[in-house]
Amino acid sequence: MYQIPRGTRDFTSSEMQKRLLVENKIRTTFKKFGYNEVQTPVFETLELFTAKSGEGIINEIYSFQDKGGRDLALRPELTAPVMRMYIDRLQMEPKPLKLFYFGNCYRYDRPQKGRYREFKQAGCELIGVDTPEGYAELISMGYKILENIGLKNIQLNIGNLNILSAMFKKLNLSEDKQKYLVPLIDKSMFEDVLVALKDFKINPNVAAEFIDILTTNDFKKISEYIKEDTTIKEEINNLNKVLDFLKNSFKIKNFNIKISIVRGLDYYKGIVFEIEAPTLGAEKQLCGGGAYELIPSFGGSQTPTSGFAIGFDRAIIALETEEYKFPVEKLDIFIIPVNEDMVNKSLEIAETLRKNLKVDIDLMRRGISKSLKYASAINAQKTIIIGLKELEEKSVTVRDMNTGKQEKILIEKLEGYLLK
RNA sequence: GCCUGAGUAGUGUAGCUUGGUAACAUAUGGGACUGUGGAUCCUUUGUGGCGGGUUCAAAUCCCGCCUCGGGCCCCA
């Protein structure tokens with residue numbers, strides 16, 4: 001016996017069936033929004049990822065040298081590969097460019113529920129668009145994908161990094177001080193933020209107001225707070241439009257403004273969002289994304305980009321937690337030859353019916369009783385019993401496995417009978 | 001990488017405190033019932049995560065490791 005590597009999983013056919021179902025629902029939704037699927041390699045040059053996220057990530061990814069001494073890495077995410085592909089091959093495509101993808105990703109993390117070393121991401125990139133309606137469509141698509149796969153209990157939060165910066169600016173906080181605060185804000189440790197602001201000699205009332213704005217869900221209050229900053233005016237107007245589109249055009253009611261959303265790395269700009277499943281505990285984030293700037297640092301020409309990624313495995317776990325009823329795989333027909341002499345004719349009938357139906361046949365020469373039991377176990381909808389008595393009348397017996405009712409059907413009329 | 005809990009046939013469980021024949025259900029393969037029995041009955045297969053220690057004797061006690069959970073770090 002060999003053990004499966006830590007943090008990886010096998011998927012049995014019943015698990016695959018659920019996964020494929022969800023994957024296809026996601027795919028369908030992407031396509032309905034005009035997105036087209038792309039695929040990139042599972043491994044890339046290590047540099048692609050260090051360029052994007054810094055040398056620090058080497059500790060958290062699977063990297064190796066190939067036989068030619070090249071530094072390579074299993075992809076830890078898909079935005080960088082897709083951007084590489086865009087710069088390689090797609091820069092001259094008509095804009096906007098709407099790309100989506102599915103792919104296994106690899107991270108050297110401590111596994112937990114909803115967190116694996118090999119995991120699957122679904123996601124998309126929107127290239128060439130920076131209008132409010134573009135961002136609103138992107139966010140609502142993320143929300144609707146999760147809704148369409150059957151999730152009931154999800155929460156959408158929207159933030160904006162430019163607004164957060166403007167708030168820092170208003171308090172005259174240095175880069176260093178911001179860098180100290182950002183992780184605390186990200187983790188919603190507002191008590192600690194308050195303590196830090198006190199250390200930074202910020203007036204307690206001003207600090208309290210700052211926290212209030214970070215935690216409020218009231219957009220008017222936020223825009224009021226930074227209204228003197230004229231450089232941010234357009235950002236605020238645009239965000240306001242995005243929220244308006246979400247509410248009135250896309251009919252999404254339950255979202256929160258959450259200025260404290262930071263998202264990991266530096267390349268996010270402006271609007272950011274995340275969707276979480278409150279039922280999931282520590283690893284509850286299902287979807288995250290926003291506007292980002294990556295193309296110039298990869299050597300392409302400046303174009304607005306945004307996108308999001310969905311944690312596919314977490315979405316499945318969330319569905320299971322909500323006790324979503326996945327449909328059971330069914331077999332249309334199971335054929336039972338009564339004895340060895342009937343095998344020939346039975347195979348022939350199976351072959352004919354397979355043109356239009358999912359058909360299985362007893363290959364173990366078992367008796368009727370055991371075969372019926374097997375047919376029941378594999379969820380066959382009907383069984384066809386083929387024996388001498390029937391064949392003499394050019395017929396077979398068709399048994400409905402749900403009702404137990406049987407009928408004798410002429411072989412020439414069998415296909416029509418089963419398809420009706 | 002850190003703290004913490006848990007690992008018993010394919011699956012679900014009992015036994016562990018107080019060391020003494022590994023048990024039950026279900027599943028799997030075969031058979032009986034002369035072609036309706038999706039049943040019933042008989043039978044077969046298969047188990048202590050791995051390694052070491054204590055002991056006459058370890059599923060049980062001790063140590064290390066592995067894996068899976070809960071919580072951190074991180075979360076692109």
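So you know, we letter chains A, B, ... as the sequences are listed, proteins then strands, and number each from 1. These numbers come from a predicted model, not from an experiment.
No engagement by A:Ile4 is indicated, since no non-hydrogen atom pair under 4.0 Å with the nucleic acid exists. Within the nucleic acid shown, A:Glu390 comes within 4.0 Å of at least one base atom, counting heavy atoms only.
When each of B:G38, B:G71, B:C74 is scored by its nearest atom to the side-chain atoms of A:Lys373, the top-ranked nucleotide is B:G38. Between B:A76, B:G29, B:G38, one nucleotide has an atom nearer to the side chain of A:Arg366 than all others, and that is B:G29.
The pair A:Lys18-A:Glu15 does not count as a salt bridge, with every side-chain nitrogen at least 4.0 angstrom from each carboxylate oxygen. Ion pairing of A:Glu23 with A:Lys120 is present here, as a side-chain N (NZ or NE/NH1/NH2) and a carboxylate O approach within less than 4.0 Å. Looking at A:Asp313 and A:Arg19, a side-chain N of the basic residue comes within less than 4.0 Å of a carboxylate O on the acidic one, giving a salt bridge.
Side-chain nitrogen and oxygen atoms of A:Arg107 include none within less than 4.0 Å of the OP1 or OP2 phosphate oxygen of B:C75. Residue A:Lys187 places at least one side-chain N or O closer than 4.0 Å to OP1 or OP2 of B:C74.
Between A:Phe308 and A:Phe30, the two ring planes are parallel [angle under 30°; tilted spans 30° to 60°]. Under the 30°/60° scheme for interplanar angles, the aromatic rings of A:Tyr108 and A:Tyr62 are found to stand perpendicular.
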Output a table of nitrogen or oxygen pairs between the protein and nucleotides 1-6 of chain B separated by less than 3.5 Å.
from : atom 1 : to       : atom 2 : distance (Å)
B:C2 : N4     : A:Arg110 : NE     : 3.2

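Aromatic ring centres of A:Phe273 and A:Phe255: separated by at least 6.0 Å.
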- Item | Which nucleotides of RNA chain B pair, in dot-bracket form (Watson-Crick or G-U under 3.5 Å, | meaning another strand) | ((((((((.[[[[.)....(..]]]](.((((.......)))).)...[[[[[..)....]]]]])))))))....
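Residues passing the side-chain contact (heavy atoms from CB on, under 4.5 Å) test with A:Lys169 are A:Asp229, A:Thr231, sequence neighbours excluded.
B:U13 and B:A22 have their P atoms separated by 23 Å, with the value rounded to a whole Å.
With no hydrogens or angles considered, a side-chain donor-acceptor pair links A:Thr397 and A:Glu390 at under 3.5 Å.
Distance A:Arg115 CZ to B:C72 P: 11 Å, rounded to the nearest Å.
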